[in-house]
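Contents: one structure, followed by commentary.
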Amino acid sequence: MSGNYLPRNPAAEWLGRGVLKLMGWRIVGQLPKLDKFVAIGAHHTSNWDFVIFIALKFVLRLNARWFGKHSIFRWPFGGLMRSWGGIAIRLDRKLNTVEQAIQAFREHDEFILGLSPEGTRKKVKKWKSGFWHIARAAHVPVQLLYFHYPDRTIGLG
């Protein structure tokens, strides 16, 4: 089994399917069968996007990692966020997040990194380019995931 897919966990899969069903979401398409890629999820406009993403991870059993503002990794939820693949990022410090991500791709044989190209929940006219720089330097493809709120569709590809 690929390291990008977690062992079967019926409780997590049930929870993920239940959340998506309760919220009225469905999944279309499929992810590529690749060992490494950057998955960008657009448009990130709501805190509910995170709930949908985690439900998607549970349903697909993805071992995807994601960046989150360091403040969501505090007690009492920090351990849970890390167990769900979260990597705390300090936005108030001059650390090179892109270089950290590239290094993570170098250190792992299998690695999926999920990012929001906007870098915020606000509506933006232009995406930030960090995801592109990460993918280019790590020599991995970019995979698009989209949340289409009008018809409650999560699109893969």
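In this text the structure is predicted, and so the values were computed from the model without any measurement.
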Given Leu20 and Val59, is the side-chain contact (heavy atoms from CB on, under 4.5 Å) satisfied, shown in steps? CA-CA 9 Å; Leu20 293 179; Val59 169; 4.0 Å; yes
How far apart are the C-alpha atoms of Val38 and Phe105, what are their side-chain angles, what is the distance that settles it, and do they pass the side-chain contact (heavy atoms from CB on, under 4.5 Å) test? CA-CA 10 Å; Val38 174; Phe105 274 105; 3.8 Å; yes
Nearest 0.5 Å please: distance from the CD1 atom of Ile52 over to the CD1 atom of Ile27. 11.0 Å
Scan for salt bridge (Lys or Arg N to Asp or Glu O under 4.0 Å) pairs involving residues 135-153, sequence neighbours excluded, and state none if there are none. none
Is the gap between the ring centers of Trp66 and Phe50 under 6.0 Å? yes
Euclidean distance, Phe73 CZ relative to Lys69 NZ, rounded to 0.5 Å: 11.5 Å
Please report the interatomic distance CG(Asp49) to CD1(Ile54), rounded to the nearest 0.5 Å. 11.5 Å
Kindly say whether Trp84 contributes a backbone atom to a donor-acceptor pair with the side chain of Lys57 at under 3.5 angstrom? yes
Report yes if the side chains of Arg8 and Pro10 come closer than 4.5 Å at any heavy-atom pair, otherwise no. yes
Check: residues 74-83 side-chain donor-acceptor pairs under 3.5 Å, at least two apart:
unit_1, atom_1, unit_2, atom_2, d
Ser83, OG, Leu80, O, 2.8

Given the rule in the side-chain contact (heavy atoms from CB on, under 4.5 Å) test, do Ile112 and Asp35 qualify, once you have shown the distances and angles that lead to the verdict? CA-CA 8 Å; Ile112 298 172; Asp35 291 333; over 6 Å; no
As an exercise, state the distance from NZ of Lys36 to CG of Asp109, rounded to the nearest 0.5 Å. 6.5 Å
Taking all heavy atoms of Gly16 and all of Phe58, pick out the closest pair and write down the distance. CA-CB, 4.0 Å
On a heavy-atom basis, the closest approach of Ala101 and Phe67 is CB-CZ, 3.8 Å
More than 12 heavy atoms of other residues, nucleotides or ligands under 6.0 Å from CD of Gln30: yes or no? no
State whether Arg106 and Glu99 are salt-bridged, where the test is any N-O pair (Lys NZ or Arg NE/NH1/NH2 against Asp/Glu carboxylate O) under 4.0 Å. yes
Using modelled atom types only, decide if a donor and an acceptor are shared between the side chain of Trp48 and the backbone of Met23 within a distance under 3.5 Å. no
So, Arg26 side chain and Thr153 main chain: donor-acceptor pair closer than 3.5 Å or not? no
Nearest 0.5 Å please: distance from the CG atom of Leu145 over to the CZ atom of Phe53. 8.0 Å
Would you compute the distance between atom CZ of Phe131 and atom CG of Leu115 and round it to the nearest 0.5 angstrom? 9.0 Å
Between His70 and Ala88, which heavy-atom pair has the shortest distance, and what is it? CA-CB, 4.1 Å
With heavy-atom distances below 4.5 Å as the criterion, would you say the side chains of Leu62 and Leu31 are in contact? yes
For side-chain contact (heavy atoms from CB on, under 4.5 Å), just list the numbers for Ile154 and Phe147, CA-CA rounded to whole Å, side-chain angles, deciding distance to a tenth of an Å, and then say yes or no. CA-CA 5 Å; Ile154 305 165; Phe147 299 140; 3.9 Å; yes
